[in-house]
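One structure is given below, encoded as structure tokens.
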Amino acid sequence: MSRKFFGIDIKQDRVSAVLIASGMKGLEVESHACVMLADLPEAEDKTVEALKTIVADIDPAGSVCMVAFSADQMSFRNLSVPFKETKKIKQILPFELEPSLPFPIDDAVTDFHVLDLPQPTGHIALLTATVEKSLWNSLRTRLSAAGIEADTIAVSGHDTAHCLNRLPDIPEQFLMIDMEPRRGTLFAVHSGRICLIRGFGLDDDGPRRMEMLGTHIRRTLPAAEEILGIVFVPGELYITGMGAMPGDFTEDLARLLSIPVKKVNLIQDAGLGFIKPPDASWRPLLMDNALALALSKELNAPGFNFGVRPFTAMKQWVTYKKNILQIAFLAGAVLVAAFANLLFDFHVMGKRIDEMNGRIEAIFRSTFPQVTRIVDPVQQMRAEIKAVRETSSLSGDAARTVRAIDILNDISSRIPDRIDVDLTQLVIGPDNVLLTGDTATFNMVDDIKGVLEKSELFTSVTISSANQDRSGNRVVFKLKIQL
């Protein structure tokens with residue numbers, strides 16, 4: 001009996017869907033569809049109408065459904081944390097992500113991957129993906145309105161990059177770009193794992209668009225090496241999406257970057273074992289993201305998941321009913337024995353708590369004898385300690401918390417348009433910022449230093465270096481900014 005998997009890739013301008021069947025003979029694309037939102041009549045929500053159109057053409061009954069967010073709605077971060085336990089990582093993530101997110105952490109839904117990268121002793125590397133809760137709720141509402149129950153909510157393009165690892169002679173390090181007309185998402189893959197994701201905007205104009213794309217890629221490579229702590233030299237670049245459809249696009253990009261560039265075609269190149277190719281209406285650049293989603297469960301590919309349907313297991317109730325009842329009976333017997341043991345433990349623990357509370361109160365009385373009325377000694381002690389700290393601290397010692405987005409905004413707004421400058425690198429540390437770029441003259445370096453020194457966010461700005469480049473036409477400089 002074959003299993004069915006239904007992948008739905010939701011973009012800003014279209015919705016693509018692929019239904020595949022996995023059986024003894026291999027894989028088969030049973031149905032596929034791509035609905036352009038611009039082709040639909042006016043509606044309150046064209047995405048819902050597109051989903052309804054797809055469900056009307058493709059019956060997803062009995063299939064496992066995977067849906068993907070458009071990656072340009074996500075925020076991706078690389079972190080290093082001193083924990084390996086998933087529970088502790090989830091507890092610390094909000095505090096690590098909050099300074100760098102463009103929206104409040106309370107309005108965020110986050111998932112993460114553990115990466116096998118060099119880290120300080122006791123630390124592990126993470127790749128996180130975060131989406132605003134309003135967008136997450138909006139997607140689930142749209143799916144519900146179309147009668148779709150998603151087992152997985154993932155990131156568009158992520159599973160496509162994983163599928164590329166199945167290509168023969170795939171380099172250990174490569175890049176994949178999910179190209180849209182005005183947006184792009186770059187995936188950096190190292191040793192079979194996606195270790196860096198970056199989104200960027202693009203221009204509609206052909207030459208300018210290609211130049212912007214090349215600039216984004218060249219700037220991402222040194223950033224990847226610094227963030228990941230490894231040498232990153234991609235052997236190939238793969239592109240997919242509507243923005244990659246022009247015929248000469250790959251050749252122009254290969255000449256610009258001096259690395260091989262190929263268009264993604266999973267069915268043709270990835271050796272996935274399809275019984276037969278899809279019909280002539282199949283367009284790989286528009287369908288491969290949805291296909292990769294449908295394949296993710298079959299290939300057991302690691303991916304982000306922003307919401308699992310609560311009652312997916314109910315589908316298997318009839319099949320496993322007898323086994324579940326037997327396990328429930330044994331579990332009930334164990335619970336009865338555990339409950340009796342728990343009552344005894346509660347009795348012993350109650351005595352220990354009473355003893356501990358007495359010791360806490362005694363410590364509080366000896367430390368703060370001026371307090372005569374004790375209600376909650378722990379909270380009262382915290383309040384007293386806080387009061388002591390406030391009275392003893394100097395007014396100028398208050399810690400400053402500067403958000404990354406505020407630093408970026410201040411630098412961008414303070415450097416005037418008359419200064420010809422290209423900023424190539426920005427590294428934000430706990431108490432300083434390292435800014436690298438190039439400009440036309442040494443005087444302009446001094447001008448940049450001068451305008452940044454006027455910022456209320458920075459205590460000092462120092463020119464670490466300023467040298468002419470090899471052409472002699474530009475001055476490469478580094479500024480160290482103290483927060």
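Numbers for residues simply follow the sequence, beginning at 1.
The shortest heavy-atom contact between Asp469 and Ser471 is OD1-OG, 2.8 Å. Residues Ser63 and Phe5 share a closest heavy-atom pair of CB-N, 4.2 Å. Contact record, Lys454 with Arg414: O-NH2, 3.7 Å, taken as the closest heavy-atom pair. Between Pro60 and Ile58, the shortest heavy-atom distance links the atoms CD-O, 3.0 Å. Considering all non-hydrogen atoms of both residues, Trp282 and Leu291 come closest at CZ2-CD2, 3.9 Å. Of all heavy-atom pairs spanning Ala50 and Leu37, the tightest one is CB-CD2, 3.7 Å.
With rounding to the nearest 0.5 angstrom, the CG atom of Asp45 is 8.5 Å from the CG atom of Leu51. One finds the CG atom of Leu79 at 10.0 Å from the CD1 atom of Ile227 (value rounded to the nearest 0.5 Å). Rounded to the nearest 0.5 Å, atoms CZ (Arg182) and CG (Asp13) are 12.0 Å apart. Between the CD1 atom in Ile197 and the CE atom in Met74 there is a gap of 8.5 Å [rounded to 0.5 Å]. Between the OH atom of Tyr238 and the CG atom of Leu175 there is a distance of 11.0 Å, given to the nearest 0.5 Å. Distance CG/Leu479 to CG/Asn432: 12.0 Å, rounded to 0.5 Å.
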For this session: Evaluate side-chain contact (heavy atoms from CB on, under 4.5 Å) for Val155 paired with Thr185, printing each intermediate quantity in order.
Result: CA-CA 11 Å; Val155 177; Thr185 305; over 6 Å; no

For this session: Would you check, one step at a time, whether the test side-chain contact (heavy atoms from CB on, under 4.5 Å) holds for Arg255 with Asp252?
Result: CA-CA 5 Å; Arg255 283 193 295 270; Asp252 294 342; 2.3 Å; yes

Exercise. Given the rule in the side-chain contact (heavy atoms from CB on, under 4.5 Å) test, do Phe174 and Ile259 qualify, once you have shown the distances and angles that lead to the verdict?
Worked result: CA-CA 10 Å; Phe174 66 90; Ile259 61 173; over 6 Å; no

Exercise. Stepwise, does the side-chain contact (heavy atoms from CB on, under 4.5 Å) test hold for Val476 with Asn467?
Worked result: CA-CA 5 Å; Val476 180; Asn467 302 290; 5.5 Å; no

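Panel note: side chain Arg142, backbone Thr47; no donor-acceptor pair is recorded below 3.5 Å. Remark: the backbone N or O of Asp431 is paired with a side-chain donor or acceptor of Gln482 at under 3.5 angstrom. A distance-only check finds no donor-acceptor pair linking the side chain of Glu236 to the backbone of Pro260 [under 3.5 Å]. Looking at Asn165, its side chain does come within 3.5 Å of a backbone N or O of Gly192 through a donor-acceptor pair. Under a 3.5 Å cut-off, the side chain of Ser16 and the backbone N or O of Asp9 do not form any donor-acceptor pair. Without hydrogens or angle criteria, Asp288 side chain to Leu266 main chain gives a donor-acceptor distance under 3.5 Å. Not one N or O on the side chain of Ser412 forms a donor-acceptor pair closer than 3.5 Å with the backbone of Asn409. The closest donor-acceptor contact from the side chain of Ser138 to the backbone of Ser134 lies at 3.5 Å or more, if one exists at all. No donor-acceptor distance shorter than 3.5 angstrom exists from the side chain of Thr152 to the backbone of Ala154, with no hydrogens or angles considered. Of the possible donor and acceptor atoms, one in the side chain of Trp136 sits under 3.5 Å from a partner among the backbone N and O of Phe306.
Looking only at side-chain heavy atoms (C-beta outward), Leu164 and Met176 come within less than 4.5 Å of each other. Using a 4.5 Å cut-off on side-chain heavy atoms (C-beta onward), Met242 and Leu285 make no contact. Leu256 is not listed as a side-chain neighbour of Leu213, based on a closest heavy-atom distance of 4.5 Å or more. Using a 4.5 Å heavy-atom threshold, the side chains of Ile463 and Asp446 count as touching. Within the 4.5 Å cutoff, side-chain heavy atoms of Leu237 are placed close to those of Ile217. Here the side chains of Glu180 and Arg14 are in contact, with some heavy-atom distance below 4.5 Å. Counting heavy atoms from C-beta outward, Ile124 and Ile89 have side chains that approach closer than 4.5 Å. Contact of the Val114 side chain with the Lys84 side chain is not registered, since no non-hydrogen atoms from C-beta on lie closer than 4.5 Å.
Side-chain contact of Thr160 with Asn289: a donor-acceptor pair under 3.5 Å is present, judged by distance alone. Side-chain contact, Ser70 with Asp72: a donor N or O sits under 3.5 Å from an acceptor N or O. No side-chain N or O of Ser296 forms a donor-acceptor pair with one of Asp159 less than 3.5 Å apart. Between the side chains of His32 and Ser281, at least one donor N or O sits under 3.5 Å from an acceptor N or O.
For the pair Arg208 and Glu211, the salt-bridge criterion is met [side-chain N within less than 4.0 Å of a carboxylate O]. A salt bridge links Asp420 to Arg474: at least one charged side-chain nitrogen sits closer than 4.0 Å to a carboxylate oxygen. For Glu453 and Lys449, the salt-bridge test passes: some basic side-chain N is under 4.0 Å from an acidic carboxylate O. Between Asp116 and Arg193, no side-chain nitrogen of the basic residue sits less than 4.0 Å from a carboxylate oxygen of the acidic one, so the salt-bridge criterion is not met.
Between His113 and Phe304, the ring planes lie parallel to each other; the angle is under 30°, not in the 30° to 60° tilted range.
In Arg218, the CZ atom is crowded: over 12 heavy atoms of neighbouring residues, nucleotides or ligands sit closer than 6.0 Å.
Between Pro284 and the options Val264, Asp269, Asn265, a side chain to side chain contact (heavy atoms under 4.5 Å, CB included) holds for only Asn265.
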